[in-house]
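Index from 1, following the sequence. As the structure is a prediction and not an experimental result, all values here were calculated from the model. Atoms within a ligand are numbered from 1 in the order they appear, just like the ligands themselves.
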Amino acid sequence: MVVSSRPFASFYSRHQVGIMFHKPVVSLLIVVALSLSRRVMAQTPIVAPSACPKGTGIAAPPQEDLASVQTATVDVPSHPFGVVYATQQEDTAFVAAGETLTVLDTSALTPTLKYQVPLSWSQTSYAAAGISITHDGRYILATVESDDSSAPSALILDAAKAASGGDGSVVGVLQGKPVAGKGAIEVTITSDDSFAFVSLEYGSSSNQGSIEVFQLSLNNDGSMEGTYVGYLPLGNAVVGTALSPNGETLYATSEGKVSGQPGGTVNVISVAILKTHPQKALTATFDAGCNPVRTIVSQDGSTVWVTARESNALFAFDATQLSANSTNTVIASIEVGTSPVGLTFVNNESRILVANSNRFNVPGATTGITVVDVAAALYGGQAVLGQVSTGLFPREFALSPDNNTVLVSDYGSNEVQAIDVNSLP
Ligand SMILES: *[C@@H]1O[C@H](CO)[C@@H](O)[C@H](O)[C@H]1NC(C)=O
Ligand SMILES: *[C@@H]1O[C@H](CO)[C@@H](O)[C@H](O)[C@H]1NC(C)=O
Ligand SMILES: *[C@@H]1O[C@H](CO)[C@@H](O)[C@H](O)[C@H]1NC(C)=O
């Protein structure tokens, strides 16, 4: 018995030694595999992920600090979200900052705070999120950030009154229906100022956000009104919206899918149908990485750019292929900084700025603005030119009417930062 148990014991211990011997080899293989996959990831983030980071995202590799870019900041009273330049008043920008529309003087690179216009309507104060200005420059639409599905989706402000700090700047509301959902984020206005499309992050059922549709009309007394038309339910957390330059297509991101499959989408929506039968307006839906949150369209309508927050990615889609519901739509996939949100073109669309929000404070990550060379992104070469430092949680951009300055809302540090476009690489 003793003898027969020895070989077993020695076999067992040899086996154990074997495991101990192989462990470092196995972990070495895992490390090599991980770093390989990370290197592949650094080159080409994927639009159809098999999994997405839960909640907080992951730190992107550091980028070259563009220390020579000129920037200046101004403190604002509350977390700044949407920002837009006036077009009828000189050197003026409007910022949604909590329950005020903050008015900035932008005559110098360093903006100065002029007025705080209260955002109240019918004795109720509202906090605003995204803001847009009508193409005639007369009205500002500010979405209402609220968990209450019976709150208005947006406030309508008279831009001239707001620019002079006047009371009574809020002249109306876009009042939706609770069934369409809640949590309005962005508002997009058609080029003839006749319709507004509001993204509602949380729609009428738990996995759906939506696009709410309003017809806009001017009253004889100069006030503006919005008539609720209906809504289009999409995937989870609908946020970023942008119109094609010809006005025929609305692109909208949703962070997650109704099916619960990993990844979010960009949705292609027919504007003509959206205006009359919103629920029938969806033309196609495409994978767009983990938590896609903002989108912009090139002036020639050919390219749709999307930030995918938890993929740390900027994707470019071919608009023609998107409309054809083709499967071959992705034409560029660029790794940017951590948790990218806002994006804007500058320098006649030769550059895109991406706001690396790091909104979940990933350890080791930085906030900033990645400068992307558009031609390199599309045709090959060094697409990422470096990162401009920002305050905390840079979120939305506005490009000045003369194209010389970009404002970015640093939501987490209660400041608006101006960037001299001509000092960018
Ligand atoms: C787009 O194509 C997919 C198949 O690739 C199909 O399942 C889907 O229904 C199409 N969408 C529309 C709106 O035609
Ligand atoms: C802007 O870019 C377009 C297309 O690349 C070009 O045709 C146009 O001349 C440029 N405009 C200016 C002002 O540089
Ligand atoms: C600003 O840039 C846009 C897009 O490149 C261009 O259409 C517009 O003419 C420019 N405006 C000025 C004042 O240069």
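- Contacts of Ala375 classified as side-chain contact (heavy atoms from CB on, under 4.5 Å), with partners at least two apart in sequence or in another chain: Asp373, Tyr379.
- Side chain to side chain, Asn422 and Asn404 meet the donor-acceptor criterion of an N or O pair below 3.5 Å.
- With sequence neighbours left out, the side chain to side chain donor-acceptor pair (under 3.5 Å) criterion links Arg294 to Glu186, Glu396.
- Residues Thr285 and Asn267 have side chains that bring a donor and an acceptor to within less than 3.5 angstrom of each other.
- Interface of Pro401 with ligand 3, defined as ligand atoms under 4.0 Å from a residue heavy atom, comprises 11 (N), 13 (C).
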Close N/O pairs between ligand 2 and protein, under 3.5 Å:
{"unit_1": "ligand 2", "atom_1": "2 (O)", "unit_2": "Asn348", "atom_2": "ND2", "d": "2.4"}
{"unit_1": "ligand 2", "atom_1": "11 (N)", "unit_2": "Asn348", "atom_2": "ND2", "d": "2.7"}
{"unit_1": "ligand 2", "atom_1": "14 (O)", "unit_2": "Asn348", "atom_2": "ND2", "d": "3.3"}

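- Taking CD1 of Ile189 as the start and CG of Leu216 as the end, the distance is 7.0 Å to the nearest 0.5 Å.
- Counting only residues at least two apart or on different chains, the side chain to side chain donor-acceptor pair (under 3.5 Å) pairs with a member in residues 98-120 are Thr100-Thr102, Asp105-Ser107.
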